[in-house]
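Here is the structure we will look at, set down as structure tokens.
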Amino acid sequence: MTQNRYIDTRGLCDAPVPFTEAVVNGLAEGGGLYVPESVPHFTLDEIVSMAELPYAQRAARIYRAFDIDLDAETIEELMAQAYGENFDDEDICPITSLDASTHMLELWHGPTSAFKDMALQCLPRFFSASAAALKDAGTIDNDFLILVATSGDTGKAALEGFKDQAGTNIAVMYPHGGVSDIQYKQMATQAGDNVMVWAVRGNFDDCQTGAKAVFGDGPFAESLMGERKIALSSANSINWGRLLPQIVYYVSSYAVLVGSGKVAAGQPIDVCVPTGNFGNILAAWYAKQIGTPIDMLLCASNENRVLADFINTGTYDISEREFVLTPSPSMDILVSSNLERQLFEMTGRSGEAIRSWMADLRDKRSFRIDEETFAKLRSDFAADSIDSAACFAAIKEVFEHHNYLLDPHTAVAYQAAQNLRGENPVLIASTAHWAKFGESVYRAIHGIAPGAALPEEAACLSGCELNELIAKETGLDYIPANLANLDETEIRFTDIIDSAPESIEQAIVKFLDQR
């Protein structure tokens, strides 16, 4: 078996590591992110021929091409588990075309109705298989606790992916009172014997700060390992195991567009992605590098427009930038972790440059890239930011003209695509089912301003009831079962904890004592 090893973006690791270690470690020593030493290349014929395969087999083929250190039979088996009946469409991520040149890549057909399922149905299985392989090799002898801070969607997708996975427990923290009724119930009703959910007093930043402090507490890590043989790990998007599954769906989508006659073989497409942490659009860039005929990558930001400003100016500056709460909360991010990987690639893999820029970001809250790197960035990327009013207008426009409902994140991408597109067909990453964000969708289709109060007849409804009303009014009555049945599902988790690291650590110990 050949083996593609992983280096880190800051050049601080002593030696490259195999895929299994990169996935289990998550973050590289010194704070850098893992990237593969080599990236495979597919011919156009090889990409187009993937349309003849089920999605799980396309994913397995791409993983094998990356020469990961798991055998082919294991890869095939894990992919069949990751992408099967747990998705509500046999195509896994089908494409709906609004017109001849505007195609919606529906990434929300998984068990939590958000695009994060595409990676978080895959990563946990490969995490467990990697840990088992490392145990068999004598590299490690411990189990893991996955600790996640979430503003809503990542937590549920991680819970669903890691539930009942061998050798792992998972605990998720969300801001008490800071998530929607739908998001709360999705997490609080989570099934699985190895899962825990806590509401945290404070906002998402408090959750995230507390989690980072726990990860940085050496004595606590030593006690977990010494007394319980458990190591802390994470499932956030800095893990290469989250990024590789996303590369798959962009390669796969081009094959499907050609196979369905919507794009001619070899015809370039543009890809538009709503993004805050840069992982989803970075995956499209990697798909381009391995041979997919992608021309421009269109980066769609909301009012937290740090990425759009960076792509348009070459300066990343959050020193005096206000954090804005928007109807597209998964994009409400100011520090875009995966941008580090992109810049590493565009500097010819210069760890020195990345260390310098990341130090400036830490110390000065800003950095500016050199002209050569900026030119490379501009050759692949264009960017625009869409405010909340324009987001709502896009939801209303697409419904009225195409009888299709967008969630607020996808609406940001749709409008950015309209503003930035040229002559190429555009593939828009549709990142959530509309019913995840029913309140915003209701406001949009009724012409109610973002943040304005709902009328009494809507405000008195639960999230599920409001979605039923929207479905009745629009005639678009498909609501995924995982969202439609939440009011009837038993609430399992009601604990509320403080955000102080010691409170989180006490909660972790209590959870593990009950296991």
Side-chain angles (χ1 to χ4, degrees), residues 41-63 65 79-80 82-110 113 115 117-118 121-122 245-274 280-281 283-298 398-399 401-407 410 413-414 417-418 421-434 476 478 480:
H41 188 271
F42 290 87
T43 67
L44 178 61
D45 287 345
E46 287 172 333
I47 290 173
V48 170
S49 69
M50 288 189 200
E52 302 168 4
L53 301 174
Y55 186 88
Q57 292 181 25
R58 296 174 204 157
R61 178 171 291 187
I62 291 170
Y63 267 55
M79 288 304 184
Y83 303 113
E85 293 183 358
N86 47 336
F87 282 73
D88 65 19
D89 191 295
E90 64 180 2
D91 291 334
I92 305 302
C93 49
I95 296 172
T96 295
S97 298
L98 299 185
D99 55 45
S101 62
T102 307
H103 310 289
M104 311 301 296
L105 172 58
E106 295 179 352
L107 298 170
W108 39 260
H109 287 273
S113 304
F115 83 100
D117 289 328
M118 296 298 297
Q121 285 296 295
C122 188
Q246 295 178 283
I247 298 171
V248 172
Y249 54 68
Y250 290 114
V251 180
S252 168
S253 298
Y254 189 84
V256 169
L257 286 170
V258 173
S260 59
K262 295 177 179 179
V263 169
Q267 180 183 3
I269 65 170
D270 295 339
V271 174
C272 186
V273 185
N280 202 1
I281 197 166
W285 183 85
Y286 274 114
K288 178 177 179 177
Q289 305 316 300
I290 67 178
T292 311
I294 294 171
D295 186 6
M296 292 300 294
L297 298 162
L298 311 179
V398 171
F399 171 63
H401 287 83
H402 302 286
N403 197 38
Y404 188 85
L405 280 179
L406 306 175
D407 91 286
T410 308
Y414 172 84
Q418 297 303 99
R421 67 188 303 165
E423 296 181 358
N424 293 332
V426 178
L427 180 72
I428 297 172
S430 178
T431 54
H433 188 276
W434 64 262
L476 300 174
Y478 172 66

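Numbers here are sequence positions counted from 1.
- For Asn86, the side-chain hydrogen bond (donor to acceptor under 3.5 Å, both in side chains) partners at least two apart in sequence or on another chain are Gln121.
- Qualifying ring-ring contact (aromatic ring centres under 6.0 Å, His included) partners for Phe42, counting only residues two or more places apart in sequence or in other chains: none.
- For the side chain to side chain contact (heavy atoms under 4.5 Å, CB included) with Val256, the lone residue among Ile95, Leu105, Leu427 that qualifies is Ile95.
- Every residue two or more places apart in sequence or in another chain that forms a side-chain hydrogen bond (donor to acceptor under 3.5 Å, both in side chains) with Asp117 is listed here: Thr112.
- Heavy atoms only, all atoms of each residue included: Ala283 and Gln246 are closest at CB-CB, 3.4 Å.
- Residues that satisfy the ring-ring contact (aromatic ring centres under 6.0 Å, His included) test with Tyr83, not counting sequence neighbours, are Tyr55, Phe87.
- For Tyr63, the ring-ring contact (aromatic ring centres under 6.0 Å, His included) test picks out Phe126, with sequence neighbours left out.
- When all heavy atoms of Ile428 and Ala417 are compared, the pair lying nearest together is CD1-CB, 3.9 Å.
- In plain terms, the two heavy atoms of Ala429 and Pro274 that are nearest each other are O-CD, 3.5 Å.
- Counting only heavy atoms from C-beta outward, the side chains of Pro245 and Met118 never approach each other to under 4.5 Å.
- Formation of a donor-acceptor pair under 3.5 Å by the Ser49 side chain with backbone atoms of Asp45 is found in this model.
- The ring-ring contact (aromatic ring centres under 6.0 Å, His included) check on His433 picks up Trp108, Tyr478, with sequence neighbours excluded.
- Between Arg61 and Met50 the shortest heavy-atom distance is CD-CE, 4.0 Å.
- Closest approach of Val48 and Val258 over heavy atoms only: CG1-CG1, 3.8 Å.
- Enclosure of atom CD in Gln289 by more than 12 non-hydrogen atoms of other residues, nucleotides or ligands within 6.0 angstrom is indicated.
- Qualifying side-chain contact (heavy atoms from CB on, under 4.5 Å) partners for Ala51, counting only residues two or more places apart in sequence or in other chains: Ala255.
- For Val398, the side-chain contact (heavy atoms from CB on, under 4.5 Å) partners at least two apart in sequence or on another chain are Leu98, His402, Tyr404, Leu406, Tyr414.
- Applying the side chain to side chain donor-acceptor pair (under 3.5 Å) definition to pairs two or more places apart or across chains, those involving residues 253-266 are Ser97-Lys262.
- Contact record, Asp89 with His109: CB-ND1, 3.8 Å, taken as the closest heavy-atom pair.
- For the salt bridge (Lys or Arg N to Asp or Glu O under 4.0 Å) condition, the pairs that include at least one residue of residues 284-296, sequence neighbours left out, are Lys288-Asp380.
- For Thr102, the side-chain hydrogen bond (donor to acceptor under 3.5 Å, both in side chains) partners at least two apart in sequence or on another chain are Asp99, Arg421.
- In this structure, the side-chain contact (heavy atoms from CB on, under 4.5 Å) partners of Ala287, at least two apart in sequence or on a different chain, are Ile247, Tyr250, Val251, Thr292, Ile294.
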